[in-house]
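Just so you know, these numbers use all the heavy atoms, side chains as well, and skip hydrogens, waters and symmetry mates.
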Amino acid sequence: MSQSQIAVDLILQKITEQTEKAKSRVEKASEVLLSPLKTDLATTPFEYVYEEDRVRLKYYKPEQKKHKIPLLLIYALINRETMLDLQPGRSVVQTFLDQGIDVYKIDWGYPTRKDKYITIDDHVNWYIDNIVDFIRNRHDLPKINIMGICMGGAFSVMYSCLHPGKVKNLVTTVTPTNFDTDKGLLHIWMKNSHAFELGDTYGNMPGDLMNLGFLLLNPARLILDKYVGFFENMDNKDFVENFVRMEKWIFDSPDVPAATFQQFITDCYQKNLLIQSKLELGGKRVELKNLTMPLLNIYGQYDHLVPPQACELLTKHVGSKDTEDICLKTGHIGIYVSSKCQALFAPKVAAWLKEREGEDKADHSSRTGSSKSVSAPGTDSGKKADETGARKTGAKKTVAAKKTAAAKKTAAAKKTAAAKKKTAVKKKKTPGRKV
Amino acid sequence: MTEKKKNEAGAELLFADWMKSVTDFWGEMVKTEGGIPDIFGLPSSVKPKGIRQTQKSWETGSKIFQAVFSSFSSPENMEAFFKGTDTLPDFFTSVQRQAWDGIFDLQKKWMERMARIGQETKAYNFEDIDQETFKTLRKIYENEFRKFLHIPTLGLNRFQQERMNNLIDRYAIFRTSVSELLYMFYVPIEKTGAVVQEQIEEMAEKGELFTDFKDYYNMWIRILEGHYMTLLQSSEYTEVMDNAIQANVDYVKAKEAVMYDQLQKLPIPTNKDMDELCKDVYLLKKKVRELTKKLEGATE
């Protein structure tokens with residue numbers, strides 16, 4: 001009689017062990033789930049300093065100010081900006097504060113039916129412009145720094161092209177600008193879809209419907225496996241708190257104003273007008289050549305919503321000669337919330353901004369050959385690249401920071417003084433309400 | 001055939017008798033001053049004008065009714081009437097046949113599908129997705145049933161009726177489209193089950209079975225994810241998804257139109273009213289912004 005090839009005894013033993021583990025896990029889980037859980041989002045202290053219609057501006061004050069120029073964070077209209085301040089220890093906002101930056105963040109609020117006619121033009125040339133003016137007035141500065149996230153990044157690009165005189169440095173993160181790619185499912189689906197009609201049909205594009213669409217991008221993982229993972233770890237309090245916090249954020253989805261949604265789908269996803277400099281807002285063409293300020297473009301290698309192909313063309317089309325691409329080995333959200341990227345992403349942005357603090361437009365536009373392209377972290381040499389997790393490709397890079405510090409300081413101080421005199425920040429009244 | 005004629009002759013006689021009694025009854029009713037009770041007990045000459053007019057209308061109506069009914073009694077009309085009733089069963093048979101044809105067709109497609117279940121499953125391949133069932137279902141609806149909802153509506157409420165018919169029509173299409181979309185999401189699960197089964201068989205033959213159940217789950221979820229990734233990028237899926245979106249848009253719009261009919265009778269603003277108002281406010285705000293900018297520019 002031949003010996004059985006299948007280890008039945010081992011299988012049975014494993015099943016017994018797992019049943020015992022599951023029983024003990026369920027017992028512990030009930031204790032965890034019934035105990036008080038810390039699942040609050042966005043706990044970093046802030047104050048609302050400006051509001052207009054549904055839009056409000058959050059201000060985060062650093063304990064010790066080390067940057068002269070404040071940073072405005074422009075989040076997408078999809079989901080909430082609370083993701084940038086998810087929890088202590090995983091907060092992009094907190095990292096910026098630790099670096100001594102004055103941080104402003106636009107809270108787009110929850111659009112209602114009355115907002116259905118609000119277009120991209122209104123968001124960019126009205127709300128963002130008024131907020132930028134408000135911050136410029138508040139800090140008595142001609143220009144401020146802007147960092148855009150996803151759709152908010154696309155808005156930032158549009159704004160910087162139309163108002164280059166008000167933007168000192170631009171950082172785009174997971175920002176789609178080239179929509180003509182078949183690498184992301186959203187790009188494939190939206191190409192010939194009538195989804196743009198949904199906004200007008202429902203008043204605004206319902207956030208829940210969009211969320212359903214996002215879940216369907218990977219049903220096996222997002223609808224099934226994720227919750228299996230939760231079941232397996234529900235006796236771990238930290239895990240449960242993080243999981244619930246993320247669930248809260250994911251399903252906190254404001255509707256998107258119908259007109260904006262429709263325009264974003266047709267002009268961007270279907271006609272790909274932005275990267276071709278053919279997009280028009282308020283009768284004005286969004287020319288990427290007008291984007292002359294330093295540009296840092298960061299995106300995720302495994303981003304299934306905005307793949308690298310949708311992001312990486314931007315730096316090749318803008319007028320600025322000081323550009324940098326960084327491709328991090330992470331996904332769409334991982335850039336902001338994964339602990340690995342936390343250590344790389346925000347400090348890198350802060351350092352990049354600090355390097356360019358003293359220079360004005362004339363300075364950086366005169367720089368030649370300062371564009372650089374870097375890729376996934378930890379894959380190549382270069383001390384600085386290793387620190388930021390970036391790999392230098394070395395093709396066309398001249399790092400501005402290597403200029404002698406003394407010369408830079410003097411020149412910058414002179415230029416800033418001159419620029420200040422010239423522009424003498426017009427104290428413009430902003431139509432919104434100072435809070 | 002002779003039997004049928006005999007039956008018809010019997011029915012005709014019976015119908016003629018019934019017709020005569022009905023006509024006589026209404027004749028008598030008209031004579032009793034239109035069947036209207038004389039509550040005032042007044043002679044007809046001094047009755048109020050309104051009552052006299054009502055009586056006149058009643059007489060006219062009854063006479064028309066009598067005339068129509070008497071004409072039915074004539075042998076030639078009687079024959080035509082029975083011909084008409086003869087066609088009724090034909091009508092029902094025809095409708096029934098159309099419905100059954102559709103169902104048989106559908107059943108045939110399902111049988112074909114069932115027969116294919118035992119065939120080999122190709123992993124990460126969606127060329128053989130069985131959409132025919134849904135196409136057939138939609139075709140049956142569109143060819144055989146939809147036309148009933150598009151019969152021209154008449155009269156005062158024709159527009160309301162038309163909108164209601166449109167809602168029923170759009171709902172039916174929406175349901176079909178959603179079913180097709182849901183079916184598409186089920187296909188990878190079915191395929192994954194088959195692929196996993198094959199792999200387990202292979203592993204069992206080699207004596208390399210996992211001892212941990214989690215490993216089977218990981219294998220299953222990995223294959224399922226792969227199947228979904230292939231499916232979701234396919235043009236077949238994109239088409240079905242877009243059909244469902246369009247059907248949803250049409251259905252919601254049709255529902256809004258019917259809701260509007262109902263709500264406008266109540267003192268409640270409808271979505272349409274609010275949208276118009278919001279648009280006015282939006283345009284006004286925009287105008288004020290432009291003027292403010294111009295004013296600021298002028299004062300500077």
Which atoms of [X] are under 4.5 Å from chain A, going by heavy atoms: the side chain, the backbone, both sets, or neither?
X	value
B:F185	side chain
B:N218	neither
B:M241	side chain
B:Y282	side chain
B:Q246	side chain

With chain A, which of [options] has the greatest number of heavy-atom pairs at distances under 4.5 Å?
options	value
B:E256, B:K286, B:M203	B:K286
B:I245, B:V281, B:L283	B:I245
B:T238, B:V249, B:L277	B:V249
B:T292, B:N248, B:I221	B:I221

Could you check if a side-chain atom of A:I78 sits within less than 4.5 angstrom of a side-chain atom of A:V256, using non-hydrogen atoms only?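 The answer is yes, as the side chains (C-beta and beyond) meet within the 4.5 Å cut-off.
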Which one, [options], leads in non-hydrogen pairs under 4.5 Å with chain B?
options	value
A:K116, A:E197, A:Q18	A:Q18
A:I15, A:D182, A:D53	A:D53
A:E232, A:K114, A:R221	A:R221

Near B:Y171 OH, under 6.0 Å, is it more than 12 heavy atoms from other residues, nucleotides or ligands? no
Given that the side chain runs from C-beta out, which part of A:D121 has a heavy atom under 4.5 Å from chain B: side chain, backbone, both or neither?
->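 Contact with chain B involves the side chain of A:D121 alone.
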(message) Looking at A:R136 and A:D133, is any side-chain nitrogen of the basic one under 4.0 Å from a carboxylate oxygen of the acidic one?
(response) yes
Would you call B:K147 and B:D169 a salt bridge, using N to O less than 4.0 angstrom? no
Does the side chain to side chain donor-acceptor pair (under 3.5 Å) test come out yes or no for A:N130 and A:E52, once each step is laid out? CA-CA 9 Å; A:N130 288 340; A:E52 188 180 359; 3.2 Å; yes
Among residues 261-272 of chain A, residues within the sub-4.5 Å heavy-atom range of chain B, in order of number, are none
message: Students often mix this up, so state it plainly: with edges at 30° and 60°, are the rings of B:F145 and B:Y141 parallel, tilted or perpendicular?
response: parallel
So ring-ring contact (aromatic ring centres under 6.0 Å, His included) across residues 252-272 of chain B, not counting sequence neighbours, yields none
